[in-house]
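For the single chain, residues carry numbers from 1 onward in sequence order. The figures that follow rest on heavy atoms only: side chains count, while hydrogens, waters and symmetry mates do not. These figures come from a predicted structure and were not determined experimentally.
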Amino acid sequence: MMKKAVMQFTACCLAVGIAVSSFGMAALADNSGMTLAGLSEKNTVVVSTTLAGLSETDSVIAVKGTAKASAEESADDTSESAADTAESSTDEAAETAAETSADTSVAETEAAETETETELVYDTSMSGETAFGQCDNYINVRSEASADSEVVGKIYNNNSVTILGQLGDWYEIQSGNVTGYVNAAYIATGEEASTIAEETAYNVATVNAEGLWVHTEASEDSETIAMVYYSDQMEVVAYEGDWMKVVLEDGTYGYVNAWYVDYDSYYSTGETLEEEQERLDEQWLAYLAEQEAAAEAAAAEAAAAEAAAAAEAEAAAAATTTTETTTSSSTSLSEAQSAVDAAYQTYLDAQEAADEATHQADEQLVYDTYDAAVAAYQDYLNAVAEADEIKYSSSTSETTTTTSETTAAAETTATEAAATTTETTATEAVQTEAAQTETAATEAQTEATTTTTTTSSSSSTTGQSIANYAVQFVGNPYVYGGTSLTNGADCSGFTQSVFAHFGISISRTAASQASGGTAVSLSDIQAGDLLFYSNGGGISHVALYIGNGQIVHASTSSTGIIISNYNYRTPVCARRYWS
């Protein structure tokens, strides 16, 4: 510091014109009056002004110049230079302090920002915990813990997830084949997750012995009802100590020793975007195949009905009937057939629009055009049914007319014959009385049949309502063990939830549903009845009959809930839960 002060002082001297010779040099000394080497006391002046940054004991000593400058002038100049130097030093110190303060402020700000950025810590304390999605439709799974990151998959309501870790408000999860981040607000954990697990679990016992008896009670001493073998699987409905209550494929309940089976609980899981697209593509192709088959069957049925109606009309034309009735029937039938043709063309147009939508990026458009195609197809079926009814009514009318004419002719002949002999008349009187008695009985039977038909029609309204309600969920996903009509169900979960909407409680599995309700002959099935299919060893699938030879069912994970012909596989039995 002292060296710096000397240099500043020398500069001031040069600025005011002080000549520095071999006898005019500047140096620093303390207040003791020490002289520099080669200088005498009479050549020095002690300046009492203290420079900024020097201690009170530091003084500046200036060497007297030539004889032209007096000691006083030298002292004044030296004082002014010292003052300037002090002022300059003060300014520099202030600037340095300001710069230092600014640097400190920037450093503190950067440190604060760094601290903020590193606040989020990846927490693995919940790693491995099973949780469940809770939503109305679906939850996006993202590549990073941000709503702006890429969507890599979806999980639906009550889908299970395994938590890998937590970053802020996001869980990193794995569900099926999809791994990524979901907002923690839509994930149920802890006790809530445990409750959901109990409600949605599909528990399965897999036999790990060569053979295992199924008992009627939870005891080795109870009666045996079946034998199951290695790797056979059964649904578990209760776990009672060392025994499990299970349901066999034929719907029979029994007990197996828990020591000889492996117990697993299955939950529905999410899917990647690729899996979702594959599922939608398969559903759409299956739907197109079903619709094409249904259209061909309907066209064949319509052609057969038209041929039959033409044959009946030709036969009726040969009989005696009124021109007015014939003209009226022909006109109505023609109009009905035109309506059928128009409805079929509308369906084909709607189907074409639905096909075109599959090539677009708008997923909602696919569902909208699909719904339109389904509605158009239903209109077509309604038109066919109306035409068939007109044909039936026309045929009945013509048959009645022919029968009346034949009866009238017979009565005329009988009357003429009666006039021939009294014996014949008496005989015919007896026959007439018998005929009248038989006619009365026939009319009574007809009335009873009409009453039965009316009652059946009234009760079948419930069955048709059930069928109409079920078809609105066509296109929704199949989820093994699921019972949601919108987010996914398996075959028996679908039928159970449909009937629950009408306050009808049925059991959970297809096998057990096949044992309830009222048995119905396959030749007498009506809309709303359940049809059951076998895989060769017992009941393996259930579907809801909707009429016109068709069923609606949760088919497979690749096709979802679809409409099929009821005999796409041979049904083994039918049950009715409504009345």
Side-chain angles (χ1 to χ4, degrees), residues 283 286-287 290-291 293-295 297-298 301 343 347 370-386 388-389 453-478 483-486 488-507 510 513-514 516-533 539 541-555 559-579:
Q283 287 178 357
Y287 163 74
E290 293 287 346
Q291 292 298 96
E301 183 180 351
Y347 159 67
Y370 161 78
D371 292 340
V374 171
Y377 181 68
Q378 186 60 51
D379 291 341
Y380 165 66
L381 294 180
N382 294 339
V384 171
E386 185 176 349
D388 290 344
E389 184 178 353
T453 301
T454 301
T455 303
S456 175
S457 175
S458 176
S459 61
S460 66
T461 302
T462 301
Q464 189 61 58
S465 297
I466 294 173
N468 293 341
Y469 176 72
V471 297
Q472 67 178 306
F473 301 106
V474 170
N476 289 340
Y478 173 100
T483 58
S484 172
L485 297 174
T486 55
D490 57 18
C491 64
S492 55
F494 172 69
T495 53
Q496 183 187 51
S497 296
V498 168
F499 277 92
H501 177 76
F502 293 88
I504 301 174
S505 178
I506 64 177
S507 54
Q513 289 176 10
T518 303
V520 179
S521 171
L522 291 173
S523 61
D524 296 328
I525 56 175
Q526 298 183 34
D529 290 342
L530 295 183
L531 300 186
F532 297 89
Y533 302 83
I539 301 300
H541 190 63
V542 59
L544 179 68
Y545 187 66
I546 59 175
N548 294 321
Q550 293 185 310
I551 56 173
V552 60
H553 57 139
S555 179
T559 58
I561 299 174
I562 60 174
I563 294 176
S564 306
N565 291 327
Y566 85 100
N567 59 351
Y568 83 106
R569 288 165 55 189
T570 303
V572 296
C573 64
R575 312 293 291 189
R576 182 172 297 164
Y577 281 89
W578 51 271
S579 58

For [X] versus [Y], what's the shortest heavy-atom pair and its separation?
X      : Y      : result
Ala543 : His553 : CB-CB, 3.5 Å
Pro477 : Thr486 : CD-O, 3.6 Å
Asp524 : Val520 : O-CG1, 3.8 Å
Ile561 : Leu485 : CD1-O, 4.2 Å
Ser492 : Ala510 : CB-N, 3.4 Å

Rounded at 0.5 Å granularity, tell me how far [atom1] in [X] sits from [atom2] in [Y].
X      : Y      : atom1 : atom2 : result
Phe502 : Trp578 : CZ    : CH2   : 12.0 Å
Leu531 : Cys573 : CG    : SG    : 8.5 Å
Asp490 : Tyr478 : CG    : OH    : 5.0 Å
Gln550 : Asn567 : CD    : CG    : 10.5 Å
Arg576 : Thr462 : CZ    : OG1   : 11.0 Å
Cys491 : Gln513 : SG    : CD    : 7.5 Å

The side-chain contact (heavy atoms from CB on, under 4.5 Å) partner of Ile466 among Val498, Thr461, Thr495 is Val498

Mind running side chain to side chain contact (heavy atoms under 4.5 Å, CB included) on Phe494 and Asn476 for me, showing each step along the way? CA-CA 11 Å; Phe494 172 69; Asn476 289 340; over 6 Å; no

May I ask you to check whether over 12 heavy atoms, not counting those of Tyr566, lie within 6.0 Å of atom OH? no

When you measure from the side chain of Tyr568 to the backbone of Glu290, do you find a donor-acceptor pair of N or O atoms at a distance under 3.5 Å? no

Are the side chain of Ser497 and the backbone N or O of Ser484 linked by a donor-acceptor pair below 3.5 Å? no

Working note: Leu544 + Leu530, criterion side chain to side chain contact (heavy atoms under 4.5 Å, CB included); need CA distance, chi angles, decisive distance, verdict. CA-CA 5 Å; Leu544 179 68; Leu530 295 183; 3.7 Å; yes

Answer whether the closest heavy-atom distance between the side chains of Asp529 and Arg575 falls below 4.5 Å. no

Do Ile563 and Tyr287 pass the side chain to side chain contact (heavy atoms under 4.5 Å, CB included) test, and can you show the C-alpha distance, the side-chain angles, and the key distance before you say yes or no? CA-CA 8 Å; Ile563 294 176; Tyr287 163 74; over 6 Å; no

